[in-house]
Number of protein chains: 2
Amino acid sequence: MAEEAAVRAQADTVRRLKQDKADPDEIAKEVAKLLEMKAQLGEDEGKHKFVLKTPKGTRDYGPKQMAIRERAFNAIISCFKRHGAEVIDTPVFELKETLTGKYGEDSKLIYDLKDQGGELLSLRYDLTVPFARYLAMNKITNIKRYHIAKVYRRDNPAMTRGRYREFYQCDFDIAGQFDPMIPDAECLKIVHEILSDLQLGDFVIKVNDRRILDGMFAVCGVPDSKFRTICSSVDKLDKVPWEEVRSEMVGEKGLSPEAADRIGEYVQLHGGLDLIERLLQDPKLSQNKLAKEGLGDMKLLFEYLTLFGITGKISFDLSLARGLDYYTGVIFEAVLLQQENEHVEEPVSVGSVAGGGRYDGLVGMFDPKGRKVPCVGVSIGIERIFSILEQRLEASEEKIRTTETQVLVASAQKKLLEERLKLISELWDAGIKAEMLYKKNPKLLNQLQYCEDTGIPLVAIVGEQELKDGVVKLRIVATREEVNVRRESLVEEIRIRTSQC
Amino acid sequence: MAEEAAVRAQADTVRRLKQDKADPDEIAKEVAKLLEMKAQLGEDEGKHKFVLKTPKGTRDYGPKQMAIRERAFNAIISCFKRHGAEVIDTPVFELKETLTGKYGEDSKLIYDLKDQGGELLSLRYDLTVPFARYLAMNKITNIKRYHIAKVYRRDNPAMTRGRYREFYQCDFDIAGQFDPMIPDAECLKIVHEILSDLQLGDFVIKVNDRRILDGMFAVCGVPDSKFRTICSSVDKLDKVPWEEVRSEMVGEKGLSPEAADRIGEYVQLHGGLDLIERLLQDPKLSQNKLAKEGLGDMKLLFEYLTLFGITGKISFDLSLARGLDYYTGVIFEAVLLQQENEHVEEPVSVGSVAGGGRYDGLVGMFDPKGRKVPCVGVSIGIERIFSILEQRLEASEEKIRTTETQVLVASAQKKLLEERLKLISELWDAGIKAEMLYKKNPKLLNQLQYCEDTGIPLVAIVGEQELKDGVVKLRIVATREEVNVRRESLVEEIRIRTSQC
């Protein structure tokens, strides 16, 4: 476009003048000309070219969504605090090298910042690697903490199912050298408590162990160098059928068909203590040191989970692999189940809502001397939970309030703005949540309507007569009842009428 | 370095093989070789080169800092809710063009993301522009909302004084067409409430109006094209003396010395209603339409602030300019005052902790048809407040708890891990905040010491005898008192002993 080219040329002129530190008046003149040209261009077509949207894979939260989000966060934070966790926060970006080499094949999804002359930075991809960096940097060897924050992945978003490029994670981790499986069991207890508390419907928590997987790969004849990549293939089993995974293993990844078939037999298995016992007797697996260790710990874990009374929702599942590179022991993933219809007997998985595991090597990767701090943790996938809660609320008749306002300060006559301002100021100073309409002379009907719309339960009405009598008329919106309350008792009266106890 | 070059060459080999979709076994072999070489390099020197830090201008929040942060946030959120605000959230990044042309000279401080094949994105610079984008995008013409989130500026950090590149803003804004100065007065009331509530010491809220400034520039003989840049110079008056600002105006910005001197006379003025009245009579200012409008509204504002009883902390100050381009009416800034020592009479400003103003044109910049939504808002500069609270806590003897744990589940004898797990599970399920040490056989002394260190007030001790008797020994840490409580009454007993009411 000729006009655009002209604007660019003019912009160059301005830039050159600035670089040359030209006479400020001359610069100002040329800037004004540039702005004029831009405005001209804007009127012609610029306005239509500007896209009014949030970046791909992201969204705003309006007041209603925020109200739902707060409910879910409250349930999760209560649980984390019930288990004695402290809370930390880390920056949204890290040095690029902090994230390098921690995520395996997923590293390509990391958002990098532009090099604007300084450090090379990337947006955090999860909260686990920043946590490990924090521990190593501060030489902390023992902590139980939670962290709720947004993470960033340049993935293909599927927003209707709650998959975003910017999304919240709610992480709880226990770092420290402890007796085996006690912290691991607590992480599973936490997932159980949160999913029960949020009443999302039936769920199952699948559990496995990276050592059992590695042992299984070894006895099936997978070469050491292929462990991680075959593990990635197994990880896809929750989305694609075995036949497809098998052909990826054999076709793309060069595994022998025999080895793949042996894996195929194992990954079908899922169960409880009985399965663990059976595998401990498995002639091949029981010969493998790693697998034996993993199975022994899995048995211990199930004993603890029995004491917690939650084994009913736990499934030891050999097909669970988890994508991330850093896991070293127990891994787990919670999925919601949905009875698709009455004819189908097996419940259908509708997706993962929590996951985690043990990562004993990650902190050591950051420590200059490689000192290890064993860690186990869980991450709640809150976005999918938001989606479900949002859809449910949408479907229900429930009217959700987005403010906590207790009283609207109103007037029935004109010229009472000053009196309303005086009264609302008194109420605010006494800690009462109060609003008024920002009009000099609002109609009473509009003021009452505002209460209906926003769910404000009380109206404090000032009028000429009330001012003379030293009272305020308090109206209860739900019942339309009106009582005169002495001005000095108003705060107490509002508190009583809106207390939740 | 020869070794490094060799590693790079090997990395190239691997990359090429992958591109060529070579035999996976061959790739695996070369990858193994690459890892080996990297490890070798790492042992020699790589470990020392890795820098363990957060990016420049950012910091982690540990549990103690988080406890302080929560206190400050709670005070601020309570205030925003008291004034009937809803809450929203927006993504941490916006389309680059959304931020373009909103911040004047400060635009160079915006963080851009790397173009990784997609949209051009920038980290948000404040919460005001995303708010305006949100309003225009959702065609909202009327809302009172708060938003608490981190913003990003590639500024020179001064971290000891609470100036970071990543920092929280706590914003409260009122959007909509209302009668003049009522929402503006509420914003100032909010600043007054928050600063009083946080007990940060004496403060003053400076107030001015962009229309008064522009009118003043006009009557002083500043050419229209220089209004914004001269405004930027005036904005520096809180940091540098008038003489320096004057020489910037005359020397760098080409203003006539006479105009600068006329400005110099006005910007010394500060006061209250009396000053407003005086300026309304000022022979030059009163002839300027913009200034007259601004002064009229300023008078109205002071009348409302008088009704709120807060004029004691408000100063109408002609030197207040505020840097951002988008303000169109009232502007304000709150600064903490510090009595430097007893000999100095005038209190010294220690920096801005809140600021804001009216921006009636910003939403229109996003609306395809340019429809305006008048807005006024305030932003609390929470980082400086954190710094002050942190330093104060550091100086005091106060021991701050970082968890809310009510009871530690302990045992006095060995082999009671299972009993501890059963009891703690009961407590969690009843909503009690409980912890235990992750040891099979912890020493009682260590368990009691843990309570001392972390401030846990109660210990529930299980032992052989207690199990037989159906009781739990409850120890009050502060008094060392011990009572036997029947197991079925334990939850109730813990609740009573730890209730805050």
Side-chain angles (χ1 to χ4, degrees), chain A residues 24-25 28 32 47 50 52 54-56 58 60-63 66 81-82 84 86-93 95 97 111-114 116 118-119 121 134 136-137 150 154 166 178-179 182-183 225-226 253-254 304 307-308 366 368 402-405 418 421-422 425 428 433 435 438-440, chain B residues 24-25 28 32 47 50 52 54-56 58 60-63 66 81-82 84 86-93 95 97 111-114 116 118-119 121 134 136-137 150 154 166 178-179 182-183 225-226 253-254 304 307-308 366 368 402-405 418 421-422 425 428 433 435 438-440:
Chain A
D25 265 346
K47 292 279 186 200
F50 180 80
L52 199 58
T54 62
K56 187 178 177 190
T58 68
D60 295 318
Y61 280 83
M66 286 299 279
K81 287 190 173 175
R82 197 157 58 236
E86 305 182 281
V87 57
I88 71 159
D89 194 19
T90 64
V92 79
F93 40 57
L95 299 184
E97 59 179 341
Y111 277 95
D112 293 328
L113 267 73
K114 198 165 155 184
Q116 287 169 286
E119 299 160 330
L121 306 176
Y134 170 79
M137 193 173 129
K150 289 172 175 175
R154 292 171 47 82
E166 172 185 64
F178 302 117
D179 281 326
I182 312 178
S225 62
K226 287 204 209 302
K253 302 197 169 169
Y304 295 159
L307 294 168
F308 287 160
F366 290 108
T402 55
T403 68
E404 298 175 7
T405 310
E418 302 204 343
L421 287 170
K422 256 158 75 177
S425 183
W428 285 331
K433 294 168 191 149
E435 287 185 70
Y438 302 122
K439 292 262 167 208
K440 270 171 113 160
Chain B
D25 265 347
K47 291 278 186 197
F50 180 80
L52 198 59
T54 62
K56 186 177 176 189
T58 68
D60 296 318
Y61 280 83
M66 287 299 280
K81 287 191 171 172
R82 196 158 57 236
E86 303 182 281
V87 58
I88 71 160
D89 193 21
T90 65
V92 80
F93 41 59
L95 298 184
E97 58 179 343
Y111 277 96
D112 292 330
L113 267 73
K114 197 164 155 184
Q116 288 169 288
E119 299 159 329
L121 307 176
Y134 170 79
M137 193 173 130
K150 289 172 176 175
R154 293 171 46 83
E166 172 186 62
F178 301 117
D179 281 326
I182 311 178
S225 62
K226 286 205 209 303
K253 303 195 168 170
Y304 296 160
L307 292 169
F308 287 161
F366 291 108
T402 55
T403 69
E404 298 176 9
T405 309
E418 301 204 343
L421 287 170
K422 256 158 74 176
S425 182
W428 285 331
K433 294 167 192 150
E435 287 184 70
Y438 301 122
K439 292 263 168 208
K440 270 170 115 161

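In what follows, chains are A, B, ... by sequence order, proteins preceding strands, each numbered from 1.
- For B/L95, the parts lying near chain A are the backbone and the side chain together; criterion is any non-hydrogen pair under 4.5 Å.
- Taking 4.5 Å as the limit, some side-chain heavy atom of A/L52 sits within range of a side-chain heavy atom of B/F366.
- Heavy-atom distances place both the backbone and the side chain of A/E418 under 4.5 Å from chain B.
- The number of heavy atoms from other shown groups lying within 6.0 Å of NZ (B/K422) does not exceed 12.
- Summarising the geometry of B/E166 relative to A/V92, their closest heavy-atom pair is OE2-N, 2.8 Å, with the distance given to 0.1 Å.
- The two residues B/L421 and A/Y304 come nearest to each other via the heavy atoms CD1-CD2, 3.4 Å.
- Summarising the geometry of A/G84 relative to B/T405, their closest heavy-atom pair is CA-OG1, 3.3 Å, with the distance given to 0.1 Å.
- Nearest approach of B/T58 to A/P91, heavy atoms of both residues: OG1-CG, 3.4 Å.
- Of the atoms belonging to B/K150, it is side-chain heavy atoms, and not backbone ones, that fall under 4.5 Å from chain A.
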Decide yes or no on side-chain contact (heavy atoms from CB on, under 4.5 Å) for A/Y438 and B/D179, but give the supporting numbers first. CA-CA 6 Å; A/Y438 302 122; B/D179 281 326; over 6 Å; no

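- Not a single ring-ring contact (aromatic ring centres under 6.0 Å, His included) links B/Y134 to another residue, sequence neighbours left out.
- The nearest pair of heavy atoms linking A/I182 to B/K440 is CD1-N, 4.3 Å.
- Only the side chain of A/E404 comes within less than 4.5 Å of a heavy atom in chain B; its backbone stays farther off.
- Checking B/E86 against A/T403 by side-chain atom types alone, no donor-acceptor pair falls below 3.5 Å.
- By the 4.5 Å heavy-atom criterion applied to side chains, B/P63 and A/V87 are not counted as neighbours.
- Chosen from A/K81, A/R82, A/K114, the residue pairing most often with chain B at heavy-atom distances under 4.5 Å is A/R82.
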